[in-house]
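Note that the coordinates shown come from a computational prediction; the quantities given were computed from them, not determined experimentally. Each chain gets a letter, A, B and so on, in the order the sequences are listed, and its residues count up from 1.
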2 protein chains.
Amino acid sequence: MKYIEKLRNSGLRPTKQRLQICEVLFDADKTFHFTINELEKKIKKQINSKISLATVYNTIHAFEKKGYLKQIPINSNQTYFDTNVSDHHHFYDLNDEKLIDLENCDVGPINILKKINGKKIKSVEVLVKLED
Amino acid sequence: MKYIEKLRNSGLRPTKQRLQICEVLFDADKTFHFTINELEKKIKKQINSKISLATVYNTIHAFEKKGYLKQIPINSNQTYFDTNVSDHHHFYDLNDEKLIDLENCDVGPINILKKINGKKIKSVEVLVKLED
DNA sequence: TAACTACTTTATAATGATTCTAAAAAAGTG
DNA sequence: CACTTTTTTAGAATCATTATAAAGTAGTTA
Ligand SMILES: [Mn+2]
Ligand SMILES: [Mn+2]
Ligand SMILES: [Zn+2]
Ligand SMILES: [Zn+2]
């Protein structure tokens, strides 16, 4: 019930599928990173019903547009998303192929000295690659 | 002729195709960013011969493995490469969908305060997204 | 509730970047 | 020139993602 308002306020109808996806994404103890494929498995396990893959894609993109999810840029054939939408950075473990959060305080302040005429900074993201 | 040694020293046979791709990539006045698709067009225009798409992929990946190219992580359906292999960061212009180099000196020093046990830092990359 | 409209879900097909395959060609070696 | 190994190539396969279009659902108004 707790996500109905949230969806309505975003102009998204609170459908059964969207509410189920909300549960999986936002009722977790901790925030987490995922690909669509991983999320699909998680949904199947947690909720005991099938949601069409197209709906999962649609919903994730809708949630991203509304700012409830972030897309994490790493070189992968699959897109990674993050339920942690706070301003933060990432470790990427090249061996385990896993993302790890770096809170903003874990990285010293970042100073972008160069300016581009007529453009403004929307975000600053740091990706730290790790290896054994 | 000037790339024959470079390729041999890397254990890559200096074939006609590899030498032509070297010319396009490394004889340019400035370093540049590209996707495989963009590179294919560039090759067709500059060199007047066709190189199989599979060969372009093979060669680019071979060059990347040898450290002659860098892969740039941005969220795109296509992989971006960089002929500038120096340690540097990027602006990504969301409107023009173009990468712009940020030399290391354009960004203050970055301090990663968090450590992960048994892992060492391989690289630190900053992506600054720009909008109008 | 019924009727109506707009939005959503779904199975399935299409797309498109990338990788694979296996045969022909080229390079290196002696 | 043989002979081996690597490379190129066209075309097929893969697979994440997006498009399609028909059926279902939500919201609204009577
Ligand atoms: Mn997307
Ligand atoms: Mn690659
Ligand atoms: Zn994160
Ligand atoms: Zn660059």
Side-chain angles (χ1 to χ4, degrees), chain A residues 1 3-25 33-44 47-66 68-69 71-81 97, chain B residues 1 3-25 33-44 47-66 68-69 71-81 97:
Chain A
M1 308 293 115
Y3 296 113
I4 292 180
E5 271 308 288
K6 182 176 173 169
L7 290 173
R8 279 229 182 79
N9 293 339
S10 316
L12 297 171
R13 290 187 180 172
T15 64
K16 188 178 59 153
Q17 291 83 350
R18 283 175 179 163
L19 290 168
Q20 287 176 331
I21 293 175
C22 276
E23 276 182 49
V24 173
L25 292 177
H33 307 104
F34 64 92
T35 63
I36 297 284
N37 245 315
E38 291 165 355
L39 181 63
E40 226 207 343
K41 280 184 208 142
K42 208 167 178 154
I43 289 168
K44 236 176 252 162
I47 314 297
N48 207 27
S49 63
K50 193 198 173 265
I51 298 178
S52 164
L53 182 58
T55 301
V56 178
Y57 271 99
N58 287 341
T59 303
I60 292 310
H61 283 127
F63 286 5
E64 191 211 353
K65 206 166 288 174
K66 296 299 178 184
Y68 303 142
L69 290 173
Q71 221 177 307
I72 308 298
I74 50 172
N75 283 319
S76 167
N77 52 329
Q78 291 175 79
T79 305
Y80 274 80
F81 294 91
E97 295 185 333
Chain B
M1 307 294 114
Y3 296 113
I4 292 181
E5 271 309 285
K6 182 175 174 172
L7 291 172
R8 279 230 179 80
N9 293 339
S10 315
L12 298 170
R13 288 186 181 173
T15 64
K16 189 177 60 156
Q17 290 85 348
R18 283 174 179 164
L19 290 168
Q20 286 176 331
I21 292 174
C22 276
E23 275 182 51
V24 174
L25 292 176
H33 307 105
F34 64 92
T35 62
I36 298 283
N37 247 315
E38 290 166 354
L39 181 63
E40 226 207 341
K41 281 185 209 141
K42 208 167 178 153
I43 289 168
K44 234 176 254 161
I47 311 297
N48 207 26
S49 64
K50 191 196 172 269
I51 297 179
S52 164
L53 183 57
T55 301
V56 177
Y57 272 99
N58 288 341
T59 303
I60 294 309
H61 284 127
F63 286 4
E64 192 211 353
K65 204 165 291 172
K66 296 299 177 182
Y68 303 142
L69 290 173
Q71 222 177 307
I72 308 298
I74 51 172
N75 284 321
S76 167
N77 53 331
Q78 292 175 77
T79 304
Y80 274 79
F81 293 91
E97 296 185 332

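At whole-Å resolution of the value, CD1 in B/Ile36 and C1' in C/dG16 are 14 Å apart. Protein atom CG of B/Leu39 is 14 Å distant from nucleotide atom P of C/dA17, rounded to whole Å. A/Asn77 places its CG atom 8 Å from the P atom of D/dT17, with the value rounded to the nearest Å. Atom CD of A/Gln78 and atom C1' of C/dA17 are 14 Å apart (whole Å). Atom-to-atom, CG of B/Asn75 to P of D/dA16 comes out at 16 Å; the value is rounded to the nearest Å. Nucleotide D/dT8 holds its P atom 10 Å from the CD atom of B/Gln20, rounded to whole Å. Rounded to an integer number of Å, the gap from A/Lys65 NZ to D/dT18 P is 10 Å. Computed from coordinates, the A/Leu53 CG to C/dT10 P distance equals 11 Å when rounded to whole Å.
Cation-pi geometry between B/Lys41 and B/Phe34 is not met: the NZ or CZ atom fails to fall both under 6.0 Å from the ring centre and inside 45° of the normal.
Using a 4.0 Å cut-off, some side-chain N or O of A/Tyr57 falls inside it from OP1 or OP2 of D/dT17. Side-chain nitrogen and oxygen atoms of B/His61 include none within less than 4.0 Å of the OP1 or OP2 phosphate oxygen of C/dT18. Phosphate contact (OP1/OP2 of D/dA16, side-chain N/O of A/Thr35, threshold under 4.0 Å): absent. Taking only side-chain nitrogens and oxygens, A/Asn37 comes nearer than 4.0 Å to OP1 or OP2 of D/dA16. For B/Lys50 and D/dT8, the shortest distance from a side-chain N or O to OP1 or OP2 is not below 4.0 Å.
Using a 4.5 Å heavy-atom cutoff, the side chains of A/Phe63 and A/Leu12 are in contact.
Side-chain N/O atoms of B/Ser49 and B/Gln20 include a donor and acceptor closer than 3.5 Å.
Between A/Ile21 atom CD1 and A/Tyr68 atom OH the span is 14.5 Å, to the nearest 0.5 Å. Put simply, CG on A/Leu39 and NE2 on A/His33 are 14.0 Å apart, with the number rounded to the nearest 0.5 Å. Distance check, rounded to the nearest 0.5 Å: CD1 of A/Ile36 to CZ of A/Phe81 gives 4.5 Å.
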- Task: Output, in order, the C-alpha distance, side-chain angles, deciding distance and verdict of side-chain contact (heavy atoms from CB on, under 4.5 Å) for B/Lys16 and B/Leu19.
- Result: CA-CA 5 Å; B/Lys16 189 177 60 156; B/Leu19 290 168; 6.0 Å; no
- Item | side-chain contact (heavy atoms from CB on, under 4.5 Å) between B/Arg18 and B/Thr15, intermediate numbers included | CA-CA 5 Å; B/Arg18 283 174 179 164; B/Thr15 64; 3.4 Å; yes
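Rounded to 10°, the helix from C/dT1-D/dA30 to C/dG30-D/dC1 has 30° between the axis fitted to its first five pairs and the one fitted to its last five.
Within a 6.0 Å sphere centred on CG of B/Asn9, other residues, nucleotides and ligands contribute more than 12 heavy atoms.
For B/Ala54, the listed nucleotide lying nearest its side chain is D/dT9; candidates were D/dA16, C/dA11, D/dT9.
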- Item | Contact state string [nucleotides 1-9 of chain C, B base, S sugar-phosphate only, - no protein heavy atom under 4.0 Å] | -----BBSB
